[in-house]
Amino acid sequence: MQKIKSLMARQGLKSPQESVVDMSPVESFRTPSKEELRELREQPTDPQAEQEIIDSIEEVYFSSDSFDTVQYELEKLPPDLNLLELEEYRDKLKRQQAAVSKRVADLILEKQPSYVKELERVTSLQTNLQLAAVICTNARRQLRSAKEGFTEASLGLLANQRRRQLLTGLLKSLRTIKPLQRTDVRLSEMLEEEDYSGAIQLCLECQKAASTFKHYNCISELNSKLQDTLEQIEEQLDVALSKTCKHFDVSHYTKVQLAYKLLGKTQTAMDQLHMHFTQAIHNTVFQVVLGYVELCAGNADTKFQKMPYKDLCTHITTDSYIPCLTDLCKALWEVMLSYHLTMQWHDEHYKEEETTPGADDTSAEGSDESTVGRSYVKKKLEHGLTRIWQDVQLKVKAYLLGTDVSNFKYDDFIVVLDVISRLMQVGEEFCGSKSELLQESIKRQSVNYFKNYHRTRLEELRMFLENETWELCPVKSNFSIAQLHEFRFMGQCRSPSVSPSRQPESTEPVELCLFEQYLQGGNPFEMQIDNKEEETEDVLASNGYESDELEKSVYQDYDSDSDVPEELKQDYVDEQTGDGPVKSVSRETLRSRKRSDYNAPILTNTTLNVIRLVGKYMQMMNILKPIAFDVIHCVSQLFDYYLYAVYTFFGRNDMYESSGLGLISSRLRTTLSRIQESLIDMEAGGENTGPHASPEERKEKVPSPHLSQLVILMSSDTLYGLAERVVATESLVFLAEQFEFLQPHLDTTMPSAKKPFLQQFYSQTVSTASELRKPIYWIVAAKAIDYEQMLLLMAGVKWDIKEIMSQHNVYVDVLLKEFEKFNQRLGDVSKIVRIPLPVSNVLWEHCIRLANRTLVEGYANVKKCSNEGRALMQLDFQQFLMKLEKLTDLRPIPDKEFVETYIKAYYLTENDMEQFIKNHREYSMKQLTNLVNVCLGSHINKKARQKLLAAIDDIDRPKR
């Protein structure tokens, strides 16, 4: 291949591409001559054959213009050359070249008219260009002449005029820049005057002016200074915004909001405001608690300042607990009031904007932006209500749980509950919250406190009962528990979540919410400081004296009793509550009192104490609904213990069972057993015969009380302590009546699931109080009349007489004299203490029943009796009834039929007697047996007697 190339080089041959490159542009596009065209036309014109030849050309020939065909063909030659093959291949290439040349020639001939036309246009363009060059040359020559003659002088004048205008503008700019340099002084003055909006507006205007002259070097420095001033204004604005969290001022807040609006940072201001409120809550409570802790510590120890708030709360002393809590709530109230006023300001501001739209709302775009801003602020403020109240609850909860309040005095603890309940009312009005955190924490403290308090009160009640002499505590006839300050909350209308104990007596027709009440000043937590004089009670009776001086002299005489031990003269003062019992008046003084207060309730000091305790318990229950059941359960224990004590002191007697009168009902017996099992610690008195109770169970119980040695119940002179029995029993009945009066209020506070307990307590316990009258007064009735003497007198009477007597027996007169004596002694006792009609009826009923049963027992002791003797029995009994009805108003006479039926049974036949024995089981075996034996021989034979005695034995057998 190299040999072929060198041979071609020596002969001066070139490759087709080189030949084309060497040709001039004219030669490259030379039109083929006629002869060449003719030769090309003479070649075969078979288009199909020509196309096949062109298609047979390799694609590589059409790849690019720089393709070297010679190199390509030489490289394709085989190593061993064959002349014949080379010639054939050369002919093939020639045919291909001829076909391509012919195709090119055809195309040239086809495009020749266009070529000629375009060549004419090129020639015309060349002529025009030559003409333009001549025109430009002439124009330049003429311009040079004009410049020299006219332009240089005229344009010089214009340049001077332009320079003058620039200098004038510069002077104006300098005059504008000069005040800008002194703007910082005016801005400082405006900030001191708290004219934030004016300062911002001035600063923004200066920035706008500075941006106009920013090409001056002095202005670039001023612009930077103005930016720093604007940031300083924002910092002062932030400080001013934080001040509104504790003391909201409308004008101050309006200035701050207007300033933020000018800055276009209203939403940012809201975010900052909430952050400041959160910080204000933390700082406020910390400073209040820290102040009390340092005050109580008595030294300036700095370790408290570094303590966490929760740990700091544990250092509050008992004495400073309530003042600190009050101040804490006052400070938090100020923060919440400021937030409330902030929301109120925004509501009023937006209403004004809606009614009188400003310039900012003229465009739709500005209106949309304003609406979005308002919506953001409104949602932020509404969300902030819950968030701020949550922070307040957490701070107060930490304070509440930081101190053990179980040993607080009752009044102090009520103040704590009152403050917290008032705070919960604030929270409810603030954001509609139920204050779950506060309720949970105060419930925990209340349960802890109340258990300890109730245990102490039960022990105190036991001590009162054991020292009670059961003398009448004189109260006015119109006495009501509503007059006691412990129950004043029941007559006041206020929110159920608020303590009623400190409600002011002057109520307005329309109750305003706390935020409206104290909008102009004051604090809802300042109401905790009450005037104790307002709580004085006027419940003691004046004992019928016409003047206070006379009454005073009587009490002075009582106070100067020399026969009373010194320790008994001292009033008992409750160390927990500070309350002292109402002083009872001596029996001598009571004897001398007039009848003006005769219908006054019968109650004792202890009764009043129990009623006051119930009132205090209900106050606590009224404040804390979640522990209502625990409180009511403890209230029921107070009544249970009082009832059990009265029964133990005056009503427990083994003679009941043998009396057969059914003095204690099954319901009362069940109640007493329940009280003894659940409340009375029998082991403390050594009475327990059952299994020992655990220490935890004994901790919830109280030892059984013991009657004071000063109370004498076995003296006939005092009718066996009837006055004390009346005072004790009727005070219990009065207490039960007060419980009945309180039932609707207790029922409203009791949880629905626990209401059956309350209903059972009233139906099984409270309603049985009056039933204690029978066993307590029965002892008096059993001892007041000498029934044994009557039996002896009846035993000396001869009943087997043969003629009808017209004169009754002596034992009837003796019995009636006993009743007259009893009636007289009853009158003497009534001078000491009023004996209510139900008590009088019970006493007379017991005495008459015992007398009637004694009569039957006396008749049952008769060995022989005739029909005339039975008539004498009827005569005696009718005489007894006639005289008895003059002594008492009790109707009908109790057990009248009991005696009459027994007397008339003497006349019954055998069959009727057998039926009588089966139907009248109220008579004893002895009485029925005697009835049969006495009738023997008259109208009952021995066989009938044996039959009747067998019937009596059948009746008695189940009893045995």
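Owing to the predicted nature of the structure, the values given are computational and were not obtained by experimental measurement.
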> Would you please name every residue forming a side-chain hydrogen bond (donor to acceptor under 3.5 Å, both in side chains) with Asp786, sequence neighbours left out?
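With neighbours one apart ignored, the set is empty.
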> Using ring-ring contact (aromatic ring centres under 6.0 Å, His included), reason through Tyr923 and Phe898 one step at a time and then give a plain yes or no.
CA-CA 9 Å; Tyr923 299 106; Phe898 183 79; 4.6 Å; yes
> Could you walk me through whether Glu914 and Lys918 pass the side chain to side chain contact (heavy atoms under 4.5 Å, CB included) check?
CA-CA 6 Å; Glu914 183 177 2; Lys918 292 180 180 180; 3.8 Å; yes
> I'd like to know if Glu857 pairs up with Arg853 as an ion pair, taking the criterion as any Lys NZ or Arg NE/NH1/NH2 lying under 4.0 Å from an Asp or Glu carboxylate oxygen.
no
> Report yes if some heavy atom in the side chain of Phe734 is under 4.5 Å from a heavy atom in the side chain of Phe479; otherwise report no.
yes
> Closest approach of Thr729 and Arg773, non-hydrogen atoms and distance?
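Closest approach of Thr729 to Arg773: CG2-CG, 3.6 Å.
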> Considering only NZ, NE, NH1 and NH2 on the basic side and carboxylate oxygens on the acidic side, decide whether Lys883 and Asp813 come within less than 4.0 Å.
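Salt bridge flag = no for Asp813 with Lys883.
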> Is the closest side-chain donor-acceptor distance between Thr607 and Thr604 under 3.5 Å?
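Yes, Thr604 and Thr607 have a side-chain donor paired with an acceptor closer than 3.5 Å.
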> When you check the side-chain N and O atoms of Tyr642 and Thr606, is any donor under 3.5 Å from an acceptor?
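Result is no, nothing qualifies.
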> State, to 0.1 Å, how close Ala784 and Arg825 come at their nearest heavy-atom pair, and which atoms those are.
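For Ala784 and Arg825, the tightest heavy-atom pair comes out as O-NH1, 4.0 Å.
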> When the side chains of residues 884-894 are checked against the rest of the protein, which donor-acceptor pairs come out under 3.5 Å, sequence neighbours left out?
unit_1	atom_1	unit_2	atom_2	d
Thr888	OG1	Leu890	N	3.1
Arg891	NH1	Thr888	O	2.9
Arg891	NH2	Glu885	O	2.9

> Quick check against the 3.5 Å criterion: does Asn609 have a side-chain atom that pairs as donor or acceptor with the backbone of Leu461?
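Not confirmed, Asn609 side chain does not pair with Leu461 backbone.
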> Using a 4.5 Å cut-off on heavy atoms from C-beta on, say whether the side chain of Phe639 contacts that of Val614.
no
> Should Met790 and Glu818 count as side-chain neighbours, where that means a heavy-atom distance under 4.5 Å?
no
> Between Thr765 (side chain) and Tyr762 (backbone), is there a donor-acceptor pair under 3.5 Å?
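Side chain of Thr765 to backbone of Tyr762, a donor-acceptor pair under 3.5 Å: no, none is there.
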> Is there side-chain contact between Lys864 and Lys798, with at least one heavy-atom pair below 4.5 Å?
no
> With no hydrogens and no angle check, just 3.5 Å: does a side-chain donor-acceptor pair link Tyr644 and Gln676?
yes
> Would you please test Leu843 and Leu722 for side chain to side chain contact (heavy atoms under 4.5 Å, CB included) and show each step?
CA-CA 10 Å; Leu843 285 168; Leu722 178 59; 3.9 Å; yes
> Do you know the tightest heavy-atom contact between Gln483 and Asn478?
NE2-O, 3.0 Å
> For the residue pair Pro705 and Thr648, what are the closest heavy atoms and their distance?
O-CG2, 4.4 Å
> Please report the shortest heavy-atom distance between Phe649 and His706, naming the atom on each side.
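In this case the closest contact between Phe649 and His706 is CE2-C, 3.3 Å.
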